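These notes concern the structure reproduced below.
A, B, ... follow the sequence lines: proteins, then strands. Residue 1 opens every chain. The shown structure was predicted, so the numbers you read here are calculated from the model rather than taken from an experiment. Note that these values count all heavy atoms, side chains included, but never hydrogens, waters or copies made by symmetry.
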There are 2 protein chains.
Amino acid sequence: MSAHSHTLEHAKEQVKLTPKREAVLNALLMTEKACSAYELIDFCKAKLDLSFSAMSIYRILDFLKEQQLVHKLEVANKYVACAHISCDHQHGAPQFLICESCDKVKEIHIEQSINDALKDNIAKAGYTLKSPQLELTGLCENCSE
Amino acid sequence: MSAHSHTLEHAKEQVKLTPKREAVLNALLMTEKACSAYELIDFCKAKLDLSFSAMSIYRILDFLKEQQLVHKLEVANKYVACAHISCDHQHGAPQFLICESCDKVKEIHIEQSINDALKDNIAKAGYTLKSPQLELTGLCENCSE
DNA sequence: ACAAAAAATGTTACCTCGTAACACTTATGC
DNA sequence: GCATAAGTGTTACGAGGTAACATTTTTTGT
């Protein structure tokens with residue numbers, strides 16, 4: 001059993017997935033990168049022999065996002081499987097490093113001290129921070145050589 | 001002469017602007033908030049009696065962005081005039097607080113210590129940060145009451 | 001087990017955003 | 001003045017996204 005099948009089993013223990021929903025999560029785990037809805041449609045057709053309309057894919061992605069099995073990257077308009085599906089504990093707001101070359105996404109933990117400092121800095125400017133999902137763009141270890 | 005006309009003169013000293021480009025920058029300075037391309041089209045038509053096609057507005061905005069007179073907010077897909085046009089010195093990467101209620105944008109300075117900590121945190125994950133333009137969403141001082 | 005209700009998915013239609021490619025106009029350099 | 005470069009206009013279209021209605025599947029209650 002591969003690593004992502006293991007993750008898929010964990011997900012199925014957390015929430016009951018219809019076959020379509022399971023397939024989309026599986027696709028995201030298989031690609032190991034951020035995908036747009038349309039990229040997922042193409043991938044499912046080519047690799048899983050499954051057809052999805054855009055409407056369907058968006059609904060499934062919305063559901064998976066609500067279940068926190070999938071994150072939406074607001075900047076890139078892409079979706080990525082949550083990196084913590086197999087964890088037993090709760091996680092705070094996700095933060096993402098996105099490789100602008102290969103679309104690989106790493107979900108990281110930003111140190112609490114940085115988060116706190118950021119929140120203070122922002123409060124000084126008079127704003128109240130909503131959820132600090134950070135999306136930072138750069139080059140991953142493979143692409144920066 | 002109003003504050004934004006003053007800013008516009010400064011911009012024209014830095015780079016030669018065609019009438020269309022000047023009008024778009026002027027519109028952004030007048031609105032004092034973040035605007036999408038289409039919002040700018042509407043504004044220019046209603047307030048300046050100028051017609052722009054979408055293609056034109058995007059090209060003009062891209063140019064202004066390259067000249068760093070305008071910033072693009074990647075999450076909101078909106079554009080905002082740079083807050084530092086009238087400054088004489090160079091600025092680092094901008095960081096924005098966006099009010100999700102009224103679209104008001106404040107361009108802030110995040111303390112260098114936070115930036116450095118963030119960069120270190122990210123390097124530990126193996127990524128090389130590109131430009132750390134941060135866009136954080138919350139409520140401004142007026143909307144959070 | 002069956003019927004009703006709820007949930008999930010399919011289909012149709014359409015809107016918004018963004019941009020390639022070609023055409024035309026204006027500005028610049030010699 | 002002419003050739004070239006830059007800027008803008010026009011046409012066409014794809015990606016992204018979703019409302020509304022229809023159909024199918026699953027769940028729920030008896």
Side-chain angles (χ1 to χ4, degrees), chain A residues 8 11-28 31 33-46 48-67 69-80 98 100 103 105 135 137, chain B residues 11-12 14-28 31 33-46 48-67 69-80 98 100 103 135:
Chain A
L8 195 54
K12 284 159 68 178
E13 283 165 19
Q14 290 172 34
V15 61
K16 180 162 173 62
L17 297 175
T18 65
K20 290 273 188 167
R21 287 170 174 176
E22 182 179 333
V24 170
L25 180 57
N26 191 31
L28 271 176
T31 68
K33 59 177 203 172
C35 293
S36 72
Y38 286 85
E39 281 167 346
L40 276 171
I41 289 170
D42 293 342
F43 183 93
C44 291
K45 184 135 199 96
L48 307 178
D49 205 35
L50 289 172
S51 267
F52 289 91
S53 68
M55 191 72 246
S56 287
I57 208 94
Y58 280 109
R59 276 188 293 216
I60 289 166
L61 288 168
D62 284 345
F63 172 84
L64 294 175
K65 181 183 155 207
E66 279 163 19
Q67 301 304 315
L69 297 175
V70 158
H71 300 295
K72 181 176 182 194
L73 304 180
E74 299 291 342
V75 170
N77 274 311
K78 296 192 175 199
Y79 296 81
V80 65
I98 307 156
E100 63 185 12
D103 282 329
V105 177
E135 297 171 23
T137 301
Chain B
K12 284 159 67 178
Q14 289 171 34
V15 61
K16 182 166 173 58
L17 298 174
T18 64
K20 291 271 189 169
R21 287 169 174 176
E22 182 180 333
V24 170
L25 180 56
N26 191 31
L28 271 177
T31 67
K33 59 178 201 169
C35 293
S36 72
Y38 286 83
E39 280 167 347
L40 275 172
I41 290 171
D42 293 342
F43 184 93
C44 291
K45 183 134 199 104
L48 306 179
D49 205 35
L50 289 174
S51 267
F52 290 91
S53 69
M55 191 74 245
S56 287
I57 208 93
Y58 280 109
R59 277 190 291 217
I60 289 167
L61 289 167
D62 283 345
F63 171 84
L64 295 174
K65 180 182 156 209
E66 278 162 23
Q67 303 303 317
L69 297 176
V70 159
H71 300 297
K72 181 178 182 193
L73 304 180
E74 300 289 342
V75 171
N77 276 311
K78 296 193 177 200
Y79 296 81
V80 65
I98 306 154
E100 62 184 12
D103 282 329
E135 298 172 23

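Nucleic acid contact class of A:K72 (heavy atoms, under 4.0 Å, all strands): sugar-phosphate only. At a threshold of 4.0 angstrom between heavy atoms, the contacts of B:F52 with the nucleic acid are absent.
Across the protein-nucleic acid pair, B:R21 atom CZ and D:dT8 atom C1' stand 9 Å apart, rounded to whole Å. Distance, A:L73 CG to D:dG16 P: 13 Å, rounded to whole Å. Counting to the nearest Å, the C1' atom of D:dG17 and the CG atom of B:N77 are 13 Å from each other. Rounded to an integer number of Å, the gap from A:L50 CG to C:dT9 C1' is 13 Å. At whole-Å resolution of the value, CD in A:E22 and P in C:dT9 are 12 Å apart. Separating the CD1 atom of B:I41 from the P atom of C:dT16 is a distance of 12 Å, rounded to the nearest angstrom. Rounded to whole angstrom, the span from the NZ atom of B:K78 across to the C1' atom of C:dT16 amounts to 13 Å. When rounded to the nearest whole Å, the span between OH of B:Y38 and P of C:dT16 equals 9 Å.
Neither OP1 nor OP2 of C:dT26 sits under 4.0 Å from any side-chain N or O of B:T18. Here A:S56 does not reach the OP1 or OP2 of C:dT9: none of its side-chain N or O atoms lies under 4.0 Å away. Between C:dG10 and A:K20, a contact under 4.0 Å exists linking OP1 or OP2 to a side-chain N or O.
Heavy-atom nearest nucleotides on DNA chain C were determined for B:D62 and for B:P19, and the one closer to the 5' end corresponds to B:D62. Both A:I60 and B:K16 lie close to DNA chain C; mapped to their nearest nucleotides by heavy-atom distance, the more 5′-ward contact belongs to A:I60.
Judged by distance alone with a 3.5 Å cut-off, no donor-acceptor contact links the side chain of A:R59 to the base of D:dG17. Residue A:Y58 places no side-chain atom within donor-acceptor reach of the base of D:dG17, judged by atom type and a 3.5 Å distance cut-off alone.
Between C:dT9, D:dT18, C:dT19, one nucleotide has an atom nearer to the side chain of A:M55 than all others, and that is D:dT18.
In terms of heavy-atom proximity, B:L64 sits nearest to B:R21 at CD1-O, 4.1 Å.
Exactly one residue among B:I57, B:I60, B:V70 makes a side chain to side chain contact (heavy atoms under 4.5 Å, CB included) with B:Y79. That residue is B:V70.
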Exercise for the section: Check the pair B:L69 / B:Q14 against side chain to side chain contact (heavy atoms under 4.5 Å, CB included), numbers first and verdict last. Expected result: CA-CA 10 Å; B:L69 297 176; B:Q14 289 171 34; 4.0 Å; yes
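Cation-pi contact between A:K20 and A:F52: present, with separation from the ring centre below 6.0 Å and deviation from the ring axis of at most 45°.
Of the possible donor and acceptor atoms, one in the side chain of B:E135 sits under 3.5 Å from a partner among the backbone N and O of B:E74.
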